[in-house]
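A quick write-up on the structure given underneath.
So you know, we letter chains A, B, ... as the sequences are listed, proteins then strands, and number each from 1.
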Protein chains: 2
Amino acid sequence: MAATQIALDKSKGSAREAILEAAVRLFAQHGFAKTSLKAIAQEVDIRTPSLLYHFPSKQALETAAIESLNNSWQNILPQILSEAKNPGERFDRTLGVCIEFFQEEPTRAQLFVRALLDKPDELKEIIKRDLQPWLKFIAKYIRRGQEEEIIHSDLDPEAYTMSVTILILSTFALGQVRSAFIDSGNAEMLAKNELIRFARTALFRPNRMENNHG
Amino acid sequence: MAATQIALDKSKGSAREAILEAAVRLFAQHGFAKTSLKAIAQEVDIRTPSLLYHFPSKQALETAAIESLNNSWQNILPQILSEAKNPGERFDRTLGVCIEFFQEEPTRAQLFVRALLDKPDELKEIIKRDLQPWLKFIAKYIRRGQEEEIIHSDLDPEAYTMSVTILILSTFALGQVRSAFIDSGNAEMLAKNELIRFARTALFRPNRMENNHG
DNA sequence: CCTACCGATCGGTAGG
DNA sequence: CCTACCGATCGGTAGG
């Protein structure tokens with residue numbers, strides 16, 4: 001349905017896209033309720049009724065904003081997971097891509113967290129529909145790693161994956177307050193590195209070789 | 001200032017407290033912008049102007065809601081940290097209390113995350129003022145643990161503490177969507193256990209004894 | 001703690 | 001894509 005609408009609007013696609021882009025940014029920064037249609041319209045230099053020609057209601061625009069975010073990760077996750085050759089590389093690349101995705105545009109993480117808080121039912125369906133398959137995929141690899149004894153045995157794959165997802169999202173969504181926790185100038189890099197170490201250490205069992213000279 | 005006002009209003013404290021309680025709940029559930037003063041007033045069976053006698057403005061009520069949340073943890077953190085006898089116990093008790101605090105009332109976590117998103121500057125000051133001392137305290141213990149070689153050496157204490165704080169907050173704030181990640185009936189327990197395992201494994205170096213028979 | 005009321009802003013419609 | 005306009009709701013005030 002959404003795909004059809006996008007196809008039909010191809011001639012006026014740029015206006016629609018501009019509105020959507022502004023909406024995503026403002027929704028992420030100020031929240032859905034605090035962002036008026038007028039504010040979004042102003043960002044693309046049109047009036048509110050003109051905006052409502054492209055999106056029938058504010059609700060429709062909110063849904064479109066969430067879906068556009070959803071679509072953008074649908075394109076990157078598949079290839080990453082299938083490319084890697086070994087568990088370590090698969091972990092590094094998957095985590096790396098996810099982190100880059102939210103680091104380069106923290107608005108994405110903010111919008112995601114806001115949507116999770118404001119529209120839990122809507123998001124639950126989107127997650128089940130579009131994220132669930134990849135989570136299952138990852139969980140399968142984790143179970144295999146547990147059988148091979150390279151991953152901690154006392155670990156629930158689904159719970160681990162959820163924790164990492166939530167941690168990535170929140171770390172970048174709440175980036176504005178990082179300086180309250182970390183005084184250092186490169187707080188973002190410290191947070192990112194710790195996030196990676198955190199996820200890695202909690203997943204893989206310690207390498208005996210590394211462990212001995214410690 | 002806030003303390004003085006509370007003292008002065010002691011005779012009418014119950015009304016004020018009832019308003020504040022309703023405000024915290026509604027702000028947490030629906031966000032600041034979506035919660036009207038009328039909705040809060042209705043919860044305590046009064047009219048909007050009566051509410052504005054107790055709190056001069058919506059902004060004042062929002063600040064009071066955040067501060068009340070802040071006060072409630074100010075009372076529990078101090079004793080916990082000083083009580084424990086060894087690093088393991090200190091970790092378990094501190095983490096346990098923090099988890100219980102948000103698990104028994106997820107509204108607290110929701111309000112906190114919403115405030116972090118909506119009022120980053122205000123929250124940064126609150127964190128620096130009231131949470132920073134305890135974070136420094138914890139960081140000091142972590143550094144000692146690193147010297148004693150029971151805690152991972154490649155770990156930034158401040159970044160680790162921030163990550164755990166964010167993970168606890170988000171895990172309970174986003175509890176409503178847990179079932180999209182975990183199918184199991186006891187998803188909350190799985191998430192909680194994984195959270196603890198996660199934080200523990202990422203902090204302490206593996207025990208050589210445990211490691212050998214694995 | 002109330003009634004009565006205010007200007008401002010909201011999402012959205014009519015009609016072109 | 002616009003102007004003109006709508007009813008509803010918002011936070012807040014006056015006055016008692």
Side-chain angles (χ1 to χ4, degrees), chain A residues 5-68 111 114-115 118-119 122, chain B residues 5-68 111 114-115 118-119 122:
Chain A
Q5 199 175 345
I6 289 167
L8 288 172
D9 286 348
K10 214 158 216 173
S11 56
K12 304 184 179 181
S14 66
R16 211 192 119 98
E17 278 168 38
I19 293 168
L20 196 51
E21 194 185 355
V24 166
R25 197 173 62 251
L26 293 180
F27 285 152
Q29 276 170 13
H30 311 294
F32 298 103
K34 243 189 192 171
T35 305
S36 66
L37 293 178
K38 196 183 173 186
I40 299 167
Q42 270 178 347
E43 288 277 302
V44 290
D45 258 314
I46 56 171
R47 313 284 175 180
T48 313
S50 310
L51 185 154
L52 286 163
Y53 164 75
H54 295 283
F55 297 91
S57 67
K58 192 186 180 184
Q59 172 59 45
L61 184 52
E62 290 174 356
T63 301
I66 295 168
E67 287 290 347
S68 85
L111 184 67
R114 283 191 186 280
D118 288 352
K119 305 160 185 290
E122 198 177 328
Chain B
Q5 200 175 345
I6 290 168
L8 288 172
D9 287 347
K10 214 161 217 172
S11 56
K12 304 185 181 182
S14 66
R16 211 192 119 98
E17 278 169 37
I19 293 168
L20 196 52
E21 194 185 354
V24 167
R25 197 174 60 251
L26 293 180
F27 284 152
Q29 276 169 15
H30 311 294
F32 297 104
K34 244 190 191 170
T35 305
S36 65
L37 293 179
K38 195 184 174 186
I40 299 167
Q42 271 178 348
E43 288 276 302
V44 291
D45 258 314
I46 57 171
R47 314 284 175 180
T48 312
S50 309
L51 187 154
L52 287 162
Y53 165 74
H54 295 283
F55 297 90
S57 68
K58 192 186 182 185
Q59 173 58 45
L61 184 51
E62 291 174 356
T63 301
I66 296 168
E67 286 290 348
S68 85
L111 184 67
R114 284 191 186 280
D118 289 351
K119 305 159 186 291
E122 198 177 328

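Remark: C:dA4 base-pairs with D:dT13. Criterion, Watson-Crick or G-U wobble with two distances under 3.5 Å.
Residue A:Leu52 contributes atom CG, which lies 12 Å from atom P of D:dC1 at whole-angstrom precision. Across the protein-nucleic acid pair, A:Ile40 atom CD1 and C:dC10 atom P stand 11 Å apart, rounded to whole Å. Here the C1' atom of nucleotide D:dC10 and the NZ atom of A:Lys34 are 14 Å apart, to the nearest Å. Residue A:Lys38 contributes atom NZ, which lies 12 Å from atom P of C:dA8 at whole-angstrom precision. Between the P atom of C:dC2 and the CG atom of B:Leu51 lies a distance of 10 Å, rounded to the nearest Å. The nearest whole Å value for the distance from the OH atom in B:Tyr53 to the C1' atom in D:dG16 is 15 Å. Distance, A:Lys58 NZ to C:dT9 P: 15 Å, rounded to whole Å.
Among the heavy atoms of the strands lying under 4.0 Å from A:Ile46 are primed sugar atoms or P, OP1, OP2 only; no base atom is included. B:Leu37 comes within 4.0 angstrom of sugar-phosphate atoms only, judged by non-hydrogen atoms across all strands, and of no base. Among the heavy atoms of the strands lying under 4.0 Å from B:Ser50 is at least one base atom, whether or not backbone atoms are also near.
Contact check, A:Arg47 against D:dT3: a side-chain N or O comes under 4.0 Å of OP1 or OP2.
Atom CD of A:Glu21 is surrounded by 12 or fewer heavy atoms from other residues, nucleotides or ligands within 6.0 Å.
Here CD1 of A:Ile66 is found 5.5 Å from NZ of A:Lys119. Values are rounded to the nearest 0.5 Å. Distance CZ/A:Arg114 to CZ/A:Phe32: 8.5 Å, rounded to 0.5 Å.
Applying the salt bridge (Lys or Arg N to Asp or Glu O under 4.0 Å) test to A:Lys58 and every residue at least two apart in sequence or in another chain returns nothing.
Residue-to-nucleotide proximity on DNA chain C shows that, of A:Phe32 and B:Ile19, the 5′-proximal contact is made by B:Ile19.
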